[in-house]
Amino acid sequence: MKKQKPSYLDFNSEGYSWKPDIDYRAHPELYRVGKGEQGVLICEPYKSEIGPYWRFKTVEIAEESSEKIFRMFKEYLKNDEFVGADMSRKYLQMGYTRARRYYNYKGGKKYDKENGYTILERGNGDPEKAKSASVFYDKWKEAEADLQYAEMKKRWKQQKG
């Protein structure tokens with residue numbers, strides 16, 4: 001098995017762009033888009049608003065969850081609240097990536113902590129999670145394709161990063 005130390009072991013919270021003590025609704029200018037899902041489990045109040053609806057245990061739960069989060073995404077756009085829309089998009093993306101992790105690895109565990117963080121064998125996870133991942137993938141891509149969101153994201157990145 002390949003040795004690869006997980007990035008969370010040497011996580012530098014001081015250098016991380018997202019801080020748990022910032023209210024990003026009150027101070028959206030401090031928000032950075034970043035890559036992928038960065039900041040999704042930190043940025044308040046969005047983490048508390050969106051996170052409780054983020055579920056992927058079964059296809060039915062994933063469908064309900066992704067629909068709710070997508071409705072929130074649209075509501076944030078309607079309210080011209082880019083940070084909320086981007087965070088919703090990140091939760092949809094994370095629904096896909098986490099469900100895939102649970103499909104690829106039993107119990108969602110990729111690394112063997114007891115053996116120097118070697119990567120565990122793939123393919124012994126839950127097949128239901130592949131279907132859940134597909135549900136989230138479709139909603140994630142729908143959010144990214146939204147023209148209003150794409151324009152807001154482009155402007156945000158040019159102006160704020």
Side-chain angles (χ1 to χ4, degrees), residues 1-11 16-18 20 24 31-78 81-154 156-157:
M1 282 285 126
K2 182 179 170 189
K3 276 199 170 192
Q4 178 183 338
K5 199 168 157 186
S7 61
Y8 58 78
L9 291 179
D10 294 323
F11 183 70
Y16 199 54
S17 296
W18 300 269
Y24 286 95
Y31 180 78
R32 300 296 174 260
V33 173
K35 293 183 190 228
E37 305 153 15
Q38 289 179 323
V40 74
L41 297 176
I42 294 175
C43 295
E44 291 289 3
Y46 304 103
K47 170 189 167 187
S48 294
E49 290 174 4
I50 305 164
Y53 301 105
W54 180 68
R55 302 284 179 264
F56 55 85
K57 186 174 184 175
T58 67
V59 174
E60 293 77 21
I61 290 170
E63 286 171 351
E64 183 179 322
S65 173
S66 64
E67 284 292 334
K68 173 63 176 171
I69 294 170
F70 189 76
R71 283 193 306 273
M72 295 175 83
F73 167 80
K74 294 300 260 182
E75 191 66 25
Y76 289 127
L77 288 178
K78 182 177 149 192
E81 199 170 343
F82 172 73
V83 178
D86 197 51
M87 288 290 292
S88 297
R89 189 264 316 154
K90 288 180 181 195
Y91 269 94
L92 292 170
Q93 181 177 359
M94 191 168 68
Y96 165 67
T97 60
R98 293 309 181 279
R100 287 297 304 180
R101 168 79 59 93
Y102 277 80
Y103 168 68
N104 290 330
Y105 301 98
K106 185 175 178 66
K109 303 228 182 289
K110 182 176 180 178
Y111 299 100
D112 184 353
K113 183 178 179 180
E114 305 302 317
N115 290 302
Y117 292 97
T118 54
I119 296 177
L120 294 166
E121 182 181 338
R122 288 178 68 134
N124 57 359
D126 181 354
E128 177 84 5
K129 298 303 185 287
K131 296 172 190 165
S132 294
S134 178
V135 168
F136 271 97
Y137 181 84
D138 291 344
K139 281 297 176 194
W140 165 38
K141 291 304 178 180
E142 187 177 347
E144 284 198 333
D146 184 283
L147 296 177
Q148 180 185 0
Y149 170 75
E151 183 56 38
M152 288 173 87
K153 183 177 179 180
K154 180 180 172 186
W156 193 276
K157 286 178 86 170

Got a sec: does the [atom1] of [X] have more than 12 other heavy atoms crowding it under 6.0 Å?
X    : atom1 : value
E60  : CD    : yes
K153 : NZ    : yes
K57  : NZ    : no

For [X] against [Y], the heavy-atom pair lying closest together:
X    : Y    : result
R100 : A130 : NH1-CB, 4.0 Å
G39  : M87  : O-CE, 3.8 Å
I61  : T58  : N-OG1, 3.1 Å

Assess the residue pair K47 and Y91 against the criterion (side chain to side chain contact (heavy atoms under 4.5 Å, CB included)); give the C-alpha distance rounded to whole Å, side-chain angles, the decisive distance to 0.1 Å, and a yes or no. CA-CA 9 Å; K47 170 189 167 187; Y91 269 94; 3.7 Å; yes
State the [atom1]-[atom2] distance between [X] and [Y], to the nearest 0.5 angstrom.
X   : Y    : atom1 : atom2 : answer
L92 : K141 : CG    : NZ    : 11.5 Å
R98 : S132 : CZ    : OG    : 14.5 Å
L77 : Q148 : CG    : CD    : 4.5 Å
R32 : C43  : CZ    : SG    : 11.0 Å

Pair Q38, S17: side-chain N/O donor-acceptor within cut-off below 3.5 Å: no
Any donor-acceptor pair under 3.5 Å from E44 side chain to P20 backbone: no
Name the one of W140, Y103, F136 that satisfies ring-ring contact (aromatic ring centres under 6.0 Å, His included) with Y96?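 Among W140, Y103, F136, the one meeting ring-ring contact (aromatic ring centres under 6.0 Å, His included) with Y96 is W140.
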Using ring-ring contact (aromatic ring centres under 6.0 Å, His included) as the criterion, point out the one residue from Y24, Y76, Y53, W54 that pairs with Y46.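 Considering Y24, Y76, Y53, W54, a ring-ring contact (aromatic ring centres under 6.0 Å, His included) with Y46 is found only for Y76.
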Would you say the side chain of [Y] lies within less than 4.5 Å of the side chain of [X], judging by non-hydrogen atoms?
X    : Y    : answer
Y111 : I119 : yes
K74  : D146 : yes
K90  : D86  : yes
Y117 : K110 : no
T97  : Y137 : no

Run the numbers on F70 and F73 for ring-ring contact (aromatic ring centres under 6.0 Å, His included), then give the verdict. CA-CA 5 Å; F70 189 76; F73 167 80; 5.5 Å; yes
Could you check whether the rings of Y149 and F82 sit parallel, tilted or perpendicular, using 30° and 60° as the cut-offs? parallel
Yes or no on side chain to side chain contact (heavy atoms under 4.5 Å, CB included) for V40 and Q93, after CA distance, side-chain angles and deciding distance? CA-CA 10 Å; V40 74; Q93 181 177 359; over 6 Å; no
Chi angles and distances behind the side chain to side chain contact (heavy atoms under 4.5 Å, CB included) call for K139, I69: CA-CA 9 Å; K139 281 297 176 194; I69 294 170; over 6 Å; no
